[in-house]
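Have a look at the structure below before the remarks.
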Amino acid sequence: MRCGSTFGSLGSFAALAAMAVTAQAQPAAFTESQAAAGLASYRLHCAGCHQPDLSGLNEARPLVGNGFMGIWGERTAAQLIAYMGAAMPMPPGQPGSLGEVTYVNLAAFILRANGAAPGGTALTAASNTIIGSIADGELPEGLPALAAAANSTEAPVGPIGLTARGTAQDYSPVTEDMLLAGAGDDWPMLRGNYEAWNYSPLDEINRNNVQRLQLKWAWAIAEGGRSEPAPVVHDGTLFVNSTSNIVQALDAATGDLIWENHLGPNIASGANRGLAIYDDKVFVGTNDARIVALDAATGELVWDTVIGDRSAANYALSSSPIVINGKVISGLANCATYQEEKCFISAYDAGTGRELWRFYTIARDLEPGGDTWGELSNFYRAGGETWITGTYDPVLNLTYWGVAQAKPWMPVSRHNSALDRGLYTSSSLALDPDTGRLDWYYQHSPGESLDLDEVYERVLVDIDGERTLFTIGKPGVLWKVNRQTGRYIDHHETVFQNVFESFDPETGEPRYRRDIIDNKPGEWVSSCPSTEGGHNWQAMTYHAPSRQLVIPLSQSCMEIRGRMVELVPGSGGTSADRRFYEMPGTDGNIGKLGAYDVVTMEETWSIEQRAPFLTATMSTAGGLVFVGDLDRRFRAIDVETGEVLFETKLATSVQGFPITYRVDGTQYIAVPTGIGGGSPRVVPGIIAPDVRHPPFGNAIYVFALPD
């Protein structure tokens, strides 16, 4: 189904699950032709979120194996069909749009994929066949691949390689000094500089003239998946990648296409948060977890490296790598299932793609931190993804990464306790970029228990001679630590939270409420914020002149309960159900934009509104902050006061990373629009269905002042 699906977890499911089963289970009742038609519909409507092999990703549940059978094994085919019709596909507002025949065919395909054999009788929407009586969760041998590109050894679907040829005539090699200098005329990396400031020193566009901005050009990119683009610009060329692993080079002043390369697989799966440039190459992470290097001037393939062991894993990449000292360093996503190889951060030679080092984010027995997982054996320790790009301090020669939560989400599901810290999950890591050696770590949420992880950006700011690091995760707690040692300095709660009852004044370590610690399988527990997160992937900006962080925030709550998960290979996942509701005291305002003084940590101004903010914030020396939201609005805001100075509505929801750059003396502001994208879209869609937008429209819009 479309991105953001929460298959089997919406609150309305209770009513569907209560439908009476009026007859005994019957033999399988679907035909091979129905399953084949369902396969075609799955490729079109579902694979972008639930993955080509039905393994699921984040909020999109697995549709095959133990994760699926644990929910649906005792329910009927009619209940499955009814649920899909009531809740799918996402984004919200689209459920039921596929029609009954398509939902029935999809159910037939899902049954087939879980080992049920087709017969001569067609499946209907009223079928009372109990799924567990005909299916065992085992994908049959010989079942056609959902997309040939799901396996890199198969022939890809659609074009692969250069589909438009050209040359960026003015492109010059990107040097380490250029990367160290950060944003200026160019926007040379994700978030503008190594410190993740999302800040530009350009000031041609400023608070006095921003209201005169005009659209100069727009460019559509591939539909599907979780479109969250983060373009980069160098020497007048704008580079952007899409969810279908398509990389394009555009003239940054006119929007004209220079070259285009389809890296494969041509499946709009996962997210596409940027790419990296260095020397004469563009480096891209694909949704099947490869690092690909292209010639920046021509788009020609230079090298292609697969990350990790694929014999049991289904890894993914959703964010840009970062290039440090000639090494391409990448995180990893989709590490939720039980398997031998654990999640890791890794580095590759920029010239050849050869792997240079790994750091595993899940501590094993007899290793430092290996005794923090309770009684769990090494094999059943999962999670620890690093799906947000790290940052870098060149003076200390340390790179900083956030680590996601342990999997499954709740201790009752992962067979340990909220008192088991589970290193190095929900932590900040400081690594030597040349060797991968751990210098220090700080764990923000020991024993994280509610899918409120701390994987997001690490922003590096020097304050009165002290080297500090700021980060904020789903609990909405803004953290300030010393980035040389990892020592806790301070924290600030930016939105209402009720999961932590106290913080240690010396170490900052939070302590969960007692009922969260004592939670039992199947027992609902309340949580503010929800898994939408007080803060999510939409990165903050540091506005250096005013010494403020401006942070996109969200305000929603949930009830969550964990399910028992069998400790068998291939199991694991997220394994929790959720019910969302408005955050108390917000008057239904899900979106919040807050500004915080980096010295005092106090809020200086804020904006609250119904629609969530779905872009990173980007600030400039012109005294402006740029941000976009679900309600199609793209705005420029006075960084000192929070006053809206410019506003326009684009074709669909504004989502991704705004950037600014200068070509031939003209400053441009670029912003993406996008569809799909996990909890920041799913939760508002459930609790604020009144905020509407078209279900397509992935593009880039570029503005400038009149000539």
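None of these values were measured; they are calculated from a predicted model. The first residue in the sequence is number 1, and the count goes up from there. Values below: every heavy atom of this structure, side chains too, minus hydrogens, waters and symmetry copies.
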Exercise. Does the side chain of I472 come within less than 4.5 Å of L553's, by heavy atoms?
Worked result: yes
Exercise. Would you say S527's side chain and V525's backbone share a donor-acceptor pair under 3.5 angstrom?
Worked result: no
For this session: Under the side-chain contact (heavy atoms from CB on, under 4.5 Å) rule, what do E457 and N198 come out as? Steps first, then yes or no, please.
Result: CA-CA 11 Å; E457 69 275 15; N198 271 317; over 6 Å; no
Exercise. Is it true that a side-chain atom of S427 and a backbone atom of V403 form a donor plus acceptor pair closer than 3.5 Å?
Worked result: no
For this session: Would you indicate whether the side-chain heavy atoms of E385 and K407 approach each other to under 4.5 Å?
Result: yes
For this session: For D288 and I267, run side-chain contact (heavy atoms from CB on, under 4.5 Å): C-alpha distance rounded to whole Å, both residues' side-chain angles, the deciding distance at 0.1 Å, then the answer.
Result: CA-CA 10 Å; D288 63 342; I267 296 292; over 6 Å; no
Problem set entry | Backbone N/O of T494 and side chain of K592: donor-acceptor pair under 3.5 Å | yes
Seminar exercise, completed: Residues at least two apart in sequence or cross-chain that pass side-chain contact (heavy atoms from CB on, under 4.5 Å) with D631, listed by chain then number, are A611, D629, R633, K649, V691
Exercise. Taking only residues two or more places apart in sequence, or in another chain, which ones meet E582 in a salt bridge (charged side-chain N to carboxylate O under 4.0 Å, His left out)?
Worked result: R610
Exercise. Just checking, is any N or O donor in the side chain of Q555 or N589 under 3.5 Å from an acceptor N or O on the other one?
Worked result: no
Exercise. Between CD1 of I590 and CG of L630, what distance do you get to the nearest 0.5 Å?
Worked result: 8.5 Å
Problem set entry | With F634 via ring-ring contact (aromatic ring centres under 6.0 Å, His included) - residues at least two apart | F626, F703
Exercise. What heavy-atom pair brings I607 and G642 nearest, and what distance separates the two atoms?
Worked result: CD1-O, 3.4 Å
Exercise. Taking only residues two or more places apart in sequence, or in another chain, which ones meet R381 in a salt bridge (charged side-chain N to carboxylate O under 4.0 Å, His left out)?
Worked result: D365
Exercise. Is any NZ, NE, NH1 or NH2 atom of the basic residue among E509 and R421 found under 4.0 Å from an Asp or Glu carboxylate oxygen of the other?
Worked result: yes
For this session: Dump the intermediate steps for side-chain contact (heavy atoms from CB on, under 4.5 Å) on S428 and H444, then the final yes or no.
Result: CA-CA 8 Å; S428 290; H444 304 274; 2.8 Å; yes
Exercise. Is the backbone N or O of L419 less than 3.5 Å from a side-chain atom of S417, with the two atoms forming a donor-acceptor pair by type?
Worked result: yes
Exercise. Between the main-chain N or O of N287 and the side-chain N or O of S269, is there a donor-acceptor pair closer than 3.5 Å?
Worked result: no
Exercise. Is a side-chain donor-acceptor pair under 3.5 Å present for T389 with R191?
Worked result: no
Exercise. So do the side chains of W605 and I637 get within less than 4.5 Å of each other, counting heavy atoms only?
Worked result: yes
Problem set entry | Side-chain H-bond candidate by donor/acceptor type, T541 with S619, under 3.5 Å | yes
For this session: Evaluate whether atom CG of D587 has more than 12 neighbouring non-hydrogen atoms of other residues, nucleotides or ligands under 6.0 angstrom away.
Result: no
Seminar exercise, completed: Residues A107 and L80: closest non-hydrogen pair is CB-CD2, 4.1 Å
Exercise. Near Y441 OH, under 6.0 Å, is it more than 12 heavy atoms from other residues, nucleotides or ligands?
Worked result: no
For this session: Under the side-chain contact (heavy atoms from CB on, under 4.5 Å) rule, collect the residues that match up with T652, sequence neighbours excluded.
Result: T673, I675, H693, P694
Exercise. With A670, which residues qualify under side-chain contact (heavy atoms from CB on, under 4.5 Å), at least two apart?
Worked result: I659, Y661, I700, V702
Exercise. Is there a donor-acceptor pair under 3.5 Å between the side chain of S571 and the backbone N or O of E566?
Worked result: yes
Exercise. Are any side-chain N or O atoms of N334 and backbone N or O atoms of N314, one a donor and one an acceptor, separated by less than 3.5 Å?
Worked result: yes
Problem set entry | Whether Q405 side chain and D451 backbone form a donor-acceptor pair below 3.5 Å | no
Exercise. Considering residues at least two apart in sequence or located in another chain, which fulfil the salt bridge (charged side-chain N to carboxylate O under 4.0 Å, His left out) criterion with R414?
Worked result: none
For this session: Kindly compute the distance separating OG (S320) from CG (N241), expressed to the nearest 0.5 Å.
Result: 8.0 Å
For this session: Would you please name every residue forming a ring-ring contact (aromatic ring centres under 6.0 Å, His included) with W197, sequence neighbours left out?
Result: Y542
Exercise. What distance separates E448 CD from M410 CE, expressed to the nearest 0.5 Å?
Worked result: 9.5 Å
For this session: Provide the closest heavy-atom pair for G224 versus T243 in the form atom of the first, atom of the second, distance.
Result: O-OG1, 2.8 Å
Exercise. Is W479 close to F470 at the side-chain level, that is, under 4.5 Å between some pair of heavy atoms?
Worked result: no
Exercise. Which salt bridge (charged side-chain N to carboxylate O under 4.0 Å, His left out) pairs, counting each pair once, include a residue from residues 514-528, with sequence neighbours left out?
Worked result: R513-D515, R514-D518
Exercise. Who pairs with H415 by ring-ring contact (aromatic ring centres under 6.0 Å, His included), at least two apart in sequence or on another chain?
Worked result: none
Exercise. Going by atom types alone, do S556 and E532 pair a side-chain donor with an acceptor below 3.5 Å?
Worked result: yes
Problem set entry | Distance, nearest 0.5 Å, that separates CG of N698 from CG of N272 | 8.0 Å
Exercise. Once you round to the nearest 0.5 Å, how far does CD1 of I322 lie from OG1 of T391?
Worked result: 6.5 Å
For this session: Examine the side chains of R578 and T531 and answer whether a donor and an acceptor come within less than 3.5 Å of each other.
Result: yes
Exercise. Side chain of S227, backbone of G674: donor and acceptor closer than 3.5 Å?
Worked result: no
For this session: Please report the shortest heavy-atom distance between S244 and A222, naming the atom on each side.
Result: OG-CB, 3.8 Å
Exercise. Less than 6.0 Å separating the ring centroids of Y456 and W387?
Worked result: yes
For this session: Evaluate the ring planes of F344 and Y315, with Trp represented by its six-membered ring, and classify them as parallel (under 30°), tilted (30 to 60°) or perpendicular (over 60°).
Result: perpendicular
Seminar exercise, completed: For E228, the salt bridge (charged side-chain N to carboxylate O under 4.0 Å, His left out) test, sequence neighbours excluded, returns R273
Problem set entry | The single option from H535, H491, H492 passing ring-ring contact (aromatic ring centres under 6.0 Å, His included) against Y596 | H492
Exercise. Stepwise, does the side-chain contact (heavy atoms from CB on, under 4.5 Å) test hold for I110 with W72?
Worked result: CA-CA 11 Å; I110 292 170; W72 291 98; over 6 Å; no
Seminar exercise, completed: d(Y442 OH, T471 OG1) to nearest 0.5 Å is 11.5 Å
Exercise. Is there a donor-acceptor pair under 3.5 Å between the side chain of T615 and the backbone N or O of P658?
Worked result: no
For this session: Indicate yes or no: at least one non-hydrogen side-chain atom of W373 is less than 4.5 angstrom from one of T425.
Result: yes
For this session: For A230, enumerate each residue passing the side-chain contact (heavy atoms from CB on, under 4.5 Å) test, keeping only those at least two apart in sequence or located in another chain.
Result: L190, F657
